[in-house]
Amino acid sequence: MIPDEIRVKDKDIHAFLEVFNNPKSYGNGLLSGKTVAIKDNILFDGHKVSAASKILENFFATYDATVVKKLKEAGAVIIGRTNMDEFAMGSSTENSAFDVTKNPYNLKHVAGGSSGGSAAAVAVGMADIALGSDTGGSIRQPAAFCGVVGLKPTYGRVSRYGLMAYGSSLDQIGPLAKTVTEAEILYKVIKGQDKMDSTTISDETYPVVKKFSKTIGVPRSFVESEGVSSEVKQNLIESVEKFKSLGYKIVDVNPPNLKYVLPTYYILALAEASSNLARFDGIKYGLHVEGKDGIDDYFKTRGASFGKEVRRRIILGTYVLSSGYYDEYYGQANEARRMITRELRELFREVDLMLTPTTPSPAWKIGEKSNNPLEMYLEDIFTVHANISGCPAISLPSGFSDKLPLGIELTADLGREDNLFVAGKEFFGE
Ligand code: GLN
C-alpha cells in the first residue's frame, strides 16, 4: 500500500500516529521491499517519536535505534509510527494521549496494548510486519486481540538501544506478523549482541541443554483459578487437542509461585518506570511549562503533560522504592522474581514449552475498563511471567469468539526461540 492508501484505510482504525510521506527502501536483504511499521517508542533518525505522550509531542529522534539500523540494512521500508499506550503503560492503547486504536474485527472493541497500533496495522495489511515492545505482554496481548502472531524474545536477545525505557529489566522489542515464518524472519533481522546495550546476549549465552521432545506443560490449576472466560477455557482445551493430534505430549504442570506474577510485575515495572521517567523534566526533553522556579517548572511540566495512568505509575513506583517501604515491596518483589524464574527454568528441564491462553478474555469494549486500572492490570495475568523470568514467549492466533480473535501463548526456556518457531509453525500452519 502507498501512504495515501494506508491513510484512507486507517481512518476507522487509527493504528498510525504518522504515515511517512516518502518511505525509502534501504539496503537489500531478508526484508527487501517489505513494509514495516514501528511502535512510536522506537527511534528513527529525523522522525518524530512521542511514545504517544504530550510531553514528547514535538520531539524528533536524532539517531537510529539499533533495530531500525538493522531494518534498513535488511532492505525494509519503514512506513510509519504506530499508536500505543503512553510510554507503553497499558493493555488497550486507550492510554495514548492522541488517539484510541480500534480493533479491526470490531471497531467498538480495543485493539489491545500497548502495541495496539502495530498489531492492528499488520492485521489489516497496512504494514507487512511491525515492531512492538513488550514489558509485560504488550506485543503478545494486542497480537492475540487482532489475530496476528507476536513474539517477545529472550531478554537481551534484541538491543534496546534507541527504545524508550519503561521497565529496563523487562523490556524487549519484538516482531508482529501475519505468520510465524514472517515473525521468525523479522526476529532474525533484529536480534544480536550490541555494544550499545550491555544487557544484550550472544548466541552462546544459553547453551542448549535439552533437545526438543515435543512436550508441552499446561499449568491447569493456574489457568483455571484466574477468572478466565469460558470461551478462552474452551479454546485452550481445543488447542491442547490440536497439539496432541500433531504428536505433542501434554502434561499437567504446577509452578506454585505463578500465582504471584501480577503483584511482582506491577511492583518491579512501576519502580523502574518511576526512575526511567525522571528524565522527562521539561528541560532536557520535550514540552516545557514555565513555573515560578526550577522545581515548579518540573512539577508544572510533568503535571500538565503526563497522562493519568503515567502519573499514577510514577507515584506508585516512587512509593515502593521509598525508604521504609523498599524492603517490604521492591525487595519482596525481587525475591519473588527469583523464585518464579527458578521454577520456570526447572520446569523447562521437563517440558519444552508451557501453554496458556494469551489473555483471560477476548478484546473488551472501548471504555469498559478505563476507569478501573486494577481490572486492566488483571488482563496481563498470562503474559508477565515471561518478562519477569526473561523467557521468550509467542502468541499464536487460535480461532474466534463472537467474531473476535483469540490467542494462545507458548513460553520456552531462555534462549529457546527455536522451539517456539517449530511448535508455532506446526500449530498455526505457516
Ligand atoms: N499491560 C502491561 C503494563 O501496562 C504491559 C505493558 C507492556 O508490555 N509495555 O504494564
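Numbering of ligands and ligand atoms starts at 1, following listing order. Because the structure is a prediction, the values reported are computed rather than measured.
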Neighbouring residues of ligand 1, heavy-atom cut-off under 4.0 Å
Ala88, Met89, Gly90, Ser91, Ser114, Asp134, Thr135, Gly136, Gly137, Ser138, Tyr166, Tyr265, Tyr266, Arg313, Asp380
Among residues at least two apart in sequence or on other chains, which ones pass side chain to side chain donor-acceptor pair (under 3.5 Å) with Tyr260?
none
Which atoms form the tightest heavy-atom contact between [X] and [Y], and what is the distance?
{"X": "Ser53", "Y": "Phe306", "value": "OG-CD2, 4.3 Å"}
{"X": "Leu321", "Y": "Ala271", "value": "CD1-O, 3.5 Å"}
{"X": "Tyr330", "Y": "Val320", "value": "CB-O, 3.6 Å"}
{"X": "Ile408", "Y": "Ser239", "value": "CG2-OG, 3.3 Å"}

Donor + acceptor pair across side chains of Ser138, Ser114 (<3.5 Å):
yes
